[in-house]
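Below: one structure, written as structure tokens.
Because the structure is a prediction, the values reported are computed rather than measured. The sequence lines fix the lettering, A, B, ..., with proteins before strands; numbering per chain opens at 1.
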Amino acid sequence: MTPTSIQTQNDPLVIDGVEFGSRLIMGTGGAPSLDGLGAALLASGTELTTVAMRRYSPAETGSLFQLLLDNGIRVLPNTAGCFTAKDAVLTAELAREALETNWVKLEVIADEHTLLPDAVELVEATEQLVNRGFKVFAYTNDDPVLALRLENLGATAVMPLGAPIGTGLGILNPHNIELIVSRASVPVVLDAGIGTASDAALAMELGCDAVLLATAVTRAQNPVQMGEAFKHAVVAGRLAKQAGRIPRREHALASSAMEGRAEFL
Amino acid sequence: MNIKLNGDHRSIGDGASVTTLVTELTGRGLDASGQATDGRKIGVAVARNAEVVPRSQWAATALAEGDELEIVTAVQGG
């Protein structure tokens, strides 16, 4: 066994006392079919995935929940589509009943155009859900002040966005993400905006504990291959962070010694 | 009696409970604790007039004329 594999195997993500071997949380949104989604989830190696709660339709073929149960992937219900704390709390309560988990990805958005979190409603909903016994995974703006406030209210994890949902713009404010990480004592999950593998690696290099993404895989031209790419990217980024990168320098620094060179006339 | 289910009008027998409705909708049998009798997870939740009805209360919760029910399940979402 190489030192590298020892290190990755002994480095689980721990959230609320639950260990995950993978630091990639792949959401289920955006996949055109349940079969294709299942294959992409497996290729990504994810052990935790998000779902949305919507009206039951008898016409729906196949059960997403059953697919996740069959593959041993833990479910993290979200409150996507909620604009108020009141709606988010009711949606979380329904999810807890339906899926028998007290974990919830709290998403309270301001409007459909930006899909950005509404900070006021988010704070209110976090407080209420924590009081009702939920483990709140708070989807938040990349705002170090808000992230810390959510943690202080009892959030189990804070999940700052890299860029708006579905944009694939990557991490627009790496400095803020680094600042959030440096002050947090709960897991920080980079959520939303990821476009490709290097974005996920960067999130891990900035010190995030995990990366959550959906669209980047489910709407890639080859979702299975992209799922696998992200699996490696997250591992690579984590290893690089732990290995300690070299400092940035303004001038070149030779890596070959100048002494002992041959002399030519 | 007439109720509203997921936004649509629906007629259901007098004396029906939440269990009756969930079974009609999903085609799955339910035991007294609200678990599916086929041994698999049912994966749905019920709100009656904007209040969540815990599955343990489904059998004991009688529906009334004009009730508004929402029955939800997990679907794809980030």
Side-chain angles (χ1 to χ4, degrees), chain A residues 25-34 36-37 49-58 60 63-70 75-81 86-87 89-101 105 107 115 139 165-166 191-192 194 212-219, chain B residues 3-13 16-61 63 67-78:
Chain A
I25 304 170
M26 193 191 132
T28 59
S33 80
L34 214 50
L37 175 64
T49 190
T50 57
V51 298
M53 302 306 297
R54 293 292 181 266
R55 286 171 165 171
Y56 178 88
S57 164
E60 203 75 29
S63 158
L64 173 61
F65 187 41
Q66 195 59 50
L67 171 82
L68 301 177
L69 287 173
D70 291 346
V75 66
L76 176 62
N78 69 24
T79 61
K86 180 171 169 279
D87 282 358
V89 169
L90 184 57
T91 302
E93 293 277 8
L94 286 167
R96 177 158 68 177
E97 270 301 305
L99 309 179
E100 300 175 33
T101 175
K105 173 183 165 179
E107 219 178 310
L115 300 179
Y139 170 62
I165 294 171
D191 185 358
I194 297 286
L212 197 163
L213 55 88
T215 312
V217 168
T218 57
R219 295 198 173 136
Chain B
I3 60 167
K4 247 185 164 180
L5 172 63
N6 289 347
D8 293 328
H9 292 285
R10 190 182 179 99
S11 173
I12 191 163
S17 65
V18 170
T19 296
T20 319
L21 180 63
V22 173
T23 296
E24 268 190 22
L25 188 67
T26 62
R28 312 268 295 272
L30 295 169
D31 65 20
S33 67
Q35 299 290 347
T37 50
D38 59 18
R40 308 180 92 186
K41 299 284 184 191
I42 184 124
V44 304
V46 180
R48 175 173 173 248
N49 302 327
E51 297 247 348
V52 177
V53 184
R55 68 180 65 239
S56 59
Q57 300 299 309
W58 287 356
T61 303
L63 300 181
D67 271 357
E68 298 201 0
L69 280 299
E70 292 282 339
I71 300 186
V72 300
T73 191
V75 301
Q76 291 175 34

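- Here the shortest heavy-atom pairing between A:Glu93 and B:Val52 reads CB-CG2, 3.6 Å.
- The most heavy-atom pairs under 4.5 Å with chain A, out of B:Pro54, B:Ala47, B:Ala74, come from B:Ala74.
- The two atoms that bring A:Ala214 and B:Gly78 nearest to each other are CB-CA, 4.2 Å, heavy atoms only.
- Taking every heavy atom of both residues into account, B:Gly77 and A:Thr28 meet most closely at N-OG1, 2.9 Å.
- Checking A:Thr49, A:Val51, A:Leu37 one by one against B:Gln76, the side chain to side chain contact (heavy atoms under 4.5 Å, CB included) holds for a single residue, A:Leu37.
- A side chain to side chain contact (heavy atoms under 4.5 Å, CB included) with A:Tyr56 is found for one member of B:Val72, B:Leu25, B:Val46 and no other, namely B:Leu25.
- Between atom CZ of residue B:Arg40 and atom CG of residue A:Asp70 there is a gap of 6.0 Å, rounded to the nearest 0.5 Å.
- Atom NZ of B:Lys41 and atom CG of A:Leu99 lie 10.5 Å apart (nearest 0.5 Å).
- For chain B, no part of A:Leu76 is nearby; none of its heavy atoms comes within less than 4.5 Å.
- For the options A:Arg96, A:Lys105, A:Gln66, heavy-atom pairs under 4.5 Å to chain B are most numerous at A:Gln66.
- A distance of 11.0 Å separates CZ of A:Phe65 from CD1 of B:Ile42, quoted to the nearest 0.5 Å.
- To the nearest 0.5 angstrom, A:Met53 atom CE is 12.0 Å from B:Glu70 atom CD.
- Of all the heavy atoms in B:Asn6 and A:Arg55, the pair that sits closest is O-NH1, 3.1 Å.
- No other option in A:Pro77, A:Gly30, A:Ala31 has as many heavy-atom pairs under 4.5 Å with chain B as A:Ala31.
- Heavy-atom distances place both the backbone and the side chain of A:Leu94 under 4.5 Å from chain B.
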